[in-house]
Amino acid sequence: MPILEVIDLKKKFGKTEVLKGIDFSLERGEVLSVIGSSGSGKTTLLRCLNFLEFANEGIIKVDGNVLFDGNSEKRLTDAQIRQNRLHFGLVFQSFNLFPQYTVLKNVTLAPSLLKFDTAENIEKKALELIERVGLTEKIDCYPCQLSGGQQQRVAIARALALSPDILCFDEPTSALDPELTGEVLNVIRSLKTGNSTMIVVTHEMEFARHVADQVLFMADGVIAESGTPEDLFNHPKSPALQAFLSKAQNK
């Protein structure tokens with residue numbers, strides 16, 4: 001059974017259709033890369049999965065359980081929305097760390113507020129995650145004392161602290177220079193060996209080619225093409241994907 005199933009997901013903002021019927025599934029432990037030009041609907045898709053936006057139509061299932069049914073007349077309660085969000089972790093483009101808190105506090109804050117475990121166990125797990133992203137020596141630093149790459153690594157540890165079923169990244173390197181991009185992508189690569197299930201919206205084609213198990217190419221609110229990295233990068237079928245890859249290679 002897939003860990004995630006997305007069925008005919010549609011989203012409008014006013015009269016503008018941003019998602020026009022998105023269908024895909026994801027197996028546990030897989031990495032899915034989502035590529036496409038700006039405005040194709042990639043970020044909106046992630047926001048709908050994380051319940052930061054609500055689709056107008058469609059179904060979202062995790063482990064066979066329906067989290068969202070756009071055809072149902074029943075509205076989700078605030079408690080159900082909070083519970084649904086725990087299935088997903090989201091790492092934003094711009095880090096979104098709390099500037100007034102240290103690295104350790106940023107990672108422990110959400111589990112502490114949600115009473116996930118004892119304070120001792122929450123801190124123990126946080127220290128393990130901070131070590132995993134290579135920032136043990138920075139646990140008492142504040143975000144302003146960190147590079148962009150270090151801040152993004154803290155954001156990854158923070159997302160992992162809630163043990164999500166699926167970890168989502170929204171162009172996690174777009175705000176970083178090339179040198180810092182590499183360190184963040186290396187952390188994401190290391191998570192794959194830990195059997196994490198991930199959705200990575202990215203403009204880093206080499207990362208998508210070498211790390212993803214499957215790739216979705218989005219264009220104008222639809223999945224224009226999908227398949228293995230070998231299929232999409234070496235044998236693109238649609239003119240839209242061919243043009244997109246040509247532009248990416250020429251950058």
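Heavy atoms only: backbone and side chains are in, while hydrogens, waters and symmetry mates are out. The first residue of the sequence shown is numbered 1, and numbering continues consecutively from there. Note that this is a predicted model, so its numbers are computed, not measured.
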Hey, quick one: are [X] and [Y] part of the same hydrophobic cluster, counting side-chain heavy atoms closer than 4.5 Å, chains of contacts allowed?
| X | Y | answer |
| --- | --- | --- |
| L90 | L160 | no |
| F88 | V34 | yes |
| I156 | V211 | yes |
| I3 | V215 | no |
| I22 | F51 | yes |

So [Y] and [X], do their side chains get closer than 4.5 Å, heavy atoms only?
| X | Y | result |
| --- | --- | --- |
| H203 | E171 | yes |
| N96 | R158 | yes |
| I60 | L4 | yes |
| E183 | V187 | no |

Ion pair check, [X] and [Y], cut-off under 4.0 Å:
| X | Y | answer |
| --- | --- | --- |
| D63 | R28 | yes |
| K74 | D69 | no |
| R47 | D170 | no |
| E128 | K125 | no |

(message) For the backbone of S238 and the side chain of E225, can you confirm whether one donor and one acceptor N or O come within less than 3.5 Å of each other?
(response) yes
(message) Any side-chain to backbone donor/acceptor pair from T77 onto Q80? Under 3.5 Å, distance only.
(response) yes
From [X] [atom1] over to [Y] [atom2], what is the distance, rounded to the nearest 0.5 angstrom?
| X | Y | atom1 | atom2 | value |
| --- | --- | --- | --- | --- |
| E57 | L9 | CD | CG | 9.5 Å |
| I59 | D23 | CD1 | CG | 10.0 Å |
| L241 | L232 | CG | CG | 5.0 Å |
| H87 | L67 | NE2 | CG | 5.0 Å |

Show me the side-chain donor-acceptor pairs of residues 35-42 shorter than 3.5 Å, one per line, residues at least two apart or across chains.
unit_1: S40; atom_1: OG; unit_2: S37; atom_2: O; d: 2.8
unit_1: K42; atom_1: NZ; unit_2: G36; atom_2: O; d: 2.9
unit_1: K42; atom_1: NZ; unit_2: S37; atom_2: O; d: 3.0

(request) Please identify each residue that fulfils ring pair (Phe, Tyr, Trp, His ring centres under 6.0 Å) with F217, with sequence neighbours left out. (result) F244
(request) Could you identify which residues cluster with F98, counting Ile, Leu, Val, Met, Phe, Trp and Tyr as linked when any side-chain heavy atoms lie under 4.5 Å apart, either directly or through a chain of such contacts? (result) Y101, L109, L113
(request) Indicate whether the side chain of R153 and that of N186 have a donor and an acceptor atom separated by less than 3.5 Å. (result) no
(request) Carefully, step by step, assess F68 and N84 under the rule side chain to side chain contact (heavy atoms under 4.5 Å, CB included). (result) CA-CA 9 Å; F68 175 82; N84 287 348; 5.7 Å; no
